[in-house]
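Notes follow once the structure below has been shown.
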There are 2 protein chains.
Amino acid sequence: MVKKADILVRFGARVRELRLQQDYSQEAFAHACELDRTYIGGIERGERNLALRNIERIAEALGVTLAELMKGL
Amino acid sequence: MVKKADILVRFGARVRELRLQQDYSQEAFAHACELDRTYIGGIERGERNLALRNIERIAEALGVTLAELMKGL
DNA sequence: GTGTGACTTTTAGTCCGTG
DNA sequence: CCACGGACTAAAAGTCACA
């Protein structure tokens, strides 16, 4: 079991990183994205293969471009 | 009518742009992604709200990073 | 080689909880 | 405030025949 950090895990970590930089709680952030709080939690834990429209919502709520959000992934 | 094309349309155009730069047909490209030819067509036409795992496959097949793929979107 | 509508299966995404 | 689960509904994944 060598291959660990798949794209969902890395993406989730990136979202968490950016969210915390802005002192959002998951709840407040979820509200800003108009997504469910448990869904945001699942994304950050790398359990969710979210679709492009929701990726965009997250980028918007974080105030970054999609390219910035994907940086390093 | 100032409304900007939505994210799916812009993403699809970006994929097509990069695919054509590499002289891929949809068919050959679909094969490289291990996705269906008609599914790729749907993406390029902005009709598919594809999820992160498929976005990653496409980036890989195009030989670009996710950040590069999202550039300008 | 590509566009499109129709279709079934799988999964994204919501909403209710718990510790 | 967050991780996690169950049950549900909406939508994405994936395939096809035909233009």
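Naming convention: chains lettered A, B, ... in sequence-line order (proteins, then strands); numbering from 1 in each chain.
- The two atoms that bring A/Q22 and A/L62 nearest to each other are NE2-O, 2.7 Å, heavy atoms only.
- Close approach of DNA chain D to chain B, defined as any atom under 4.0 Å from a non-hydrogen atom of the protein, starts and stops at D/dA12 to D/dC18.
- Evaluation of the side-chain hydrogen bond (donor to acceptor under 3.5 Å, both in side chains) rule for B/E17 yields B/R14 as partners, not counting sequence neighbours.
- Applying the ring-ring contact (aromatic ring centres under 6.0 Å, His included) test to every pair with at least one member in residues 51-72 of chain B, sequence neighbours left out, gives no pairs at all.
- Nearest heavy-atom pair across A/R37 and A/Q26 is O-OE1, 4.3 Å.
- Listed by chain and number, the residues in a ring pair (Phe, Tyr, Trp, His ring centres under 6.0 Å) with B/F11 amount to none (sequence neighbours excluded).
- Listed by chain and residue number, nothing satisfies the ring pair (Phe, Tyr, Trp, His ring centres under 6.0 Å) test with A/Y39 (two or more places apart in sequence, or in another chain).
- Relative to the axis of its first five pairs, the axis of the last five pairs of the helix from C/dT2-D/dA19 to C/dG19-D/dC2 sits at 40°, rounded to 10 degrees.
- The stretch residues 24-34 of chain B comes close to DNA chain C through B/S25, B/Q26, B/E27, each having a heavy atom under 4.0 Å from the strand.
- Remark: A/Y39, A/R48, A/N49, A/L50 in residues 39-50 of chain A come within less than 4.0 Å of DNA chain C through at least one heavy atom.
- Taking every nucleotide of DNA chain C with any atom under 4.0 Å from a non-hydrogen atom of chain A, the first and last of them, 5' to 3', are C/dA12 to C/dG17.
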Can you give the donor-acceptor pairs under 3.5 Å from side chains of residues 63-73 of chain A to other protein atoms, not counting sequence neighbours?
residue: A/T65; atom: OG1; partner: A/E68; partner atom: N; Å: 3.0
residue: A/T65; atom: OG1; partner: A/E68; partner atom: OE1; Å: 3.2
residue: A/E68; atom: OE1; partner: A/T65; partner atom: N; Å: 3.1

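- If you check residues 63-70 of chain B against DNA chain C, you find no residue with a heavy atom closer than 4.0 Å.
- A/E47 meets the side-chain hydrogen bond (donor to acceptor under 3.5 Å, both in side chains) test with A/R45; sequence neighbours excluded.
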